[in-house]
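These numbers come from a predicted model, not from an experiment. Residue numbers start at 1 and run along the sequence shown. Atoms within a ligand are numbered from 1 in the order they appear, just like the ligands themselves.
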Amino acid sequence: MRIPIQDVTPETGTAEIFGWVHEVRDLGGLAFFLIRDRTGIIQVTVPKKKASEHVLTAIKEVSRESVVRISGTVKAIDKAPGGRELVPEVFQIISRSESPMPLDVVEKVPAELDTRLDSRFLDARRPRVAAVFTIRSAVIHKVNEFLFSHGFVNITTPKVVAAATEGGTELFPIAYFEKEAFLNQSPQLYKQMMMAAGFEKVFEIGPIFRAEEHNTTKHLNEATSIDVEVSFADHYEVMNLLEDLVRDTYLHVADHCQDALANLEIRDFAVPDCPFPRLNYAEAIAIAQKKIEEPIGYGDDLNSAAERAIGEEMGCHYFIVDWPTEIKPYYAMPFEHDPSICKAFDMMHPRMELSSGAQRVHQHDLLVQQISAKGLNPESFEFYLTPFRYGMPPHAGWGLGAERVVMTMLGLGNIREAVLFPRDRHRLVP
Ligand code: AMO
């Protein structure tokens with residue numbers, strides 16, 4: 001019966017393992033193999049004089065990264081990984097790997113990210129790459145657990161849609177019978193409609209599509225958004241929820257992903273403190289003006305240089321609040337005392353923006369006015385506007401980029417490292 005490699009100890013006496021041939025070393029009379037599965041690595045030692053004919057044939061034919069089944073006797077040995085080795089009675093090649101391979105799994109030859117992504121199935125055999133996706137999985141697990149335990153209902157909204165949500169420029173048009181259709185940029189309009197349906201607290205973790213022309217280290221054309229919407233809440237309430245969720249997710253990773261963190265050589269994994277400091281937009285611009293050379297003024301969006309400069313000053317996760325109404329989407333609620341600023345916020349990591357959110361406009365006529373003010377046609381939003389005429393509660397919410405959370409949590413240099421099969425300007429396969 002198959003034993004996961006990490007569970008093989010001298011006490012098990014005998015063991016049957018399945019795995020990949022990680023390394024091969026032939027010293028004449030003795031042949032050594034390192035065999036790897038997702039749980040660990042074990043040394044297999046073949047004393048050629050004592051080995052059976054079939055074992056000798058198999059070890060001659062086997063190549064690195066082949067899949068093998070090996071069973072035999074476990075012995076304690078100090079110098080081998082995990083302090084034990086396996087001496088095989090059976091050595092079966094289940095699936096032979098061709099060589100040379102497109103990518104060196106043991107990382108003796110460092111590879112460019114593009115080469116790694118072209119052979120992602122081999123790249124992901126590397127423990128440090130597998131560790132990123134183990135942690136990403138733990139993040140998604142914790143976010144689900146956190147939101148379910150706070151009374152949220154999970155929803156699934158359409159990805160093929162007829163209208164833009166976040167402004168018209170970043171849409172992917174698709175062929176949908178005889179109609180004009182697009183890949184959705186955000187579940188925004190649908191999660192708001194579910195507030196009219198009386199669901200009160202909804203979330204979705206799913207793909208968003210942005211036709212960003214530029215290739216950067218923090219943008220993808222298909223990203224994963226963690227979207228939340230809450231009725232009878234203002235922006236402050238959903239900001240509190242967001243910072244608690246981020247802190248609890250870090251805590252979960254710290255508690256449950258020690259091996260993966262060790263594989264990534266992350267020793268000082270810092271959990272952010274709550275509450276996150278809150279900076280208003282005008283203060284953020286003033287910091288950027290002091291620190292960056294490019295001109296930036298009140299009313300400009302924050303470019304990457306500004307984000308980094310402000311992040312450096314803050315040195316921790318933080319919020320930017322009180323944004324000019326003009327540069328936030330039509331669905332952000334203007335302040336009653338000064339409609340030139342609105343109840344929108346961004347949640348930032350020192351390196352970049354992780355989330356945007358707002359208290360929403362829930363009054364039909366104001367929403368129509370704001371859609372028109374952005375130069376959009378309210379008629380193309382009728383399906384979205386109708387629910388606002390039949391009892392829409394006040395509500396607030398946010399969208400949090402899952403890849404950016406993983407990227408900043410693990411200090412990855414490129415967002416593509418946080419996605420198994422990234423989609424960018426030049427990458428449509430694998
Ligand atoms: P926004 O457009 O700011 O807001 O997106 C929310 C978060 O999603 C992530 N994100 C991306 N990540 C990688 N590549 C991209 N191209 C990309 N675009 C967005 C970011 C970003 O902060 N409807 C609003 C949310 C809301 O108000 O509820 C929205 O989509 O981390």
| Heavy atom of K191 under 4.0 Å from ligand 1? | yes
| query | Side chain of T12, backbone of V8: donor and acceptor closer than 3.5 Å? | reply | no
| Does ligand 1 have any atom that is closer than 4.0 Å to a heavy atom of E403? | no
| field | Contact atoms of ligand 1, heavy-atom distance to G357 under 4.0 Å | value | 27 (O)
| request: With heavy atoms of E212 as the reference, note each atom of ligand 1 found under 4.0 Å away. | output: 16 (N)
| Below 3.5 angstrom, do we get any N/O pair linking G399 and ligand 1? | yes
| Ring centres under 6.0 angstrom apart (Y298, Y281) | yes
| request: May I ask whether S225 has any heavy atom positioned less than 4.0 angstrom from an atom of ligand 1? | output: no
| said: Any heavy atom of M347 closer to ligand 1 than 4.0 angstrom? | reply: no
| query | Counting each atom of ligand 1 from 1 as listed, which ones have a heavy atom of I415 under 4.0 Å away? | reply | 13 (C)
| field | 4.0 Å heavy-atom contact, R360 with ligand 1 | value | yes
| field | Atoms of ligand 1 close to K218 [distance to a heavy atom under 4.0 angstrom, numbered from 1] | value | 13 (C), 14 (N)
| field | Sequence neighbours excluded, every pair satisfying ring-ring contact (aromatic ring centres under 6.0 Å, His included) that has a member inside residues 113-144 | value | H141-H252
| task | Just say parallel, tilted or perpendicular for the rings of F388 and Y384, cut-offs at 30° and 60°. | result | perpendicular
| said: Name the residue from V253, V246, L251 that meets the side chain to side chain contact (heavy atoms under 4.5 Å, CB included) definition with V271. | reply: L251
| note | One should read off an interatomic distance between I135 CD1 and I140 CD1, to the nearest 0.5 angstrom, of 13.0 Å
| Any heavy atom of V228 sitting closer than 4.0 Å to ligand 1? | no
| Under 3.5 Å side-chain donor-acceptor pair for T156 and E204 | no
| said: I'd like to check which ligand 1 atoms, numbered from 1 as shown, lie under 4.0 Å from a non-hydrogen atom of W398. | reply: 26 (C), 28 (O)
| query | Just heavy atoms, cut-off under 4.0 Å: does S356 contact ligand 1 by side chain, backbone, both, or neither? | reply | both
| query | Which atoms of ligand 1 have any heavy atom of A223 under 4.0 Å away? | reply | 12 (N), 13 (C), 14 (N)
| remark: In terms of its nearest heavy atom to atom 1 (P) of ligand 1, the top option of R210, Q188, Q185, H214 is R210
| To the nearest 0.5 Å, how far apart are CD1 in I371 and CZ in F381? | 5.5 Å
| Just checking, is any N or O donor in the side chain of H395 or Q192 under 3.5 Å from an acceptor N or O on the other one? | yes
| query | Counting each atom of ligand 1 from 1 as listed, which ones have a heavy atom of Y331 under 4.0 Å away? | reply | 23 (N), 24 (C), 27 (O)
| note | Sorted by chain and number, sequence neighbours left out, ring-ring contact (aromatic ring centres under 6.0 Å, His included) with H337 holds for F335
| query | Considering distance alone, does some N or O of E229 sit under 3.5 Å from an N or O of ligand 1? | reply | no
| query | Numbering the atoms of ligand 1 from 1, which are under 4.0 Å from a heavy atom of H219? | reply | 14 (N), 16 (N)
| task | Measure the CZ-CZ distance between F33 and R25 for me, rounded to the nearest 0.5 Å. | result | 11.0 Å
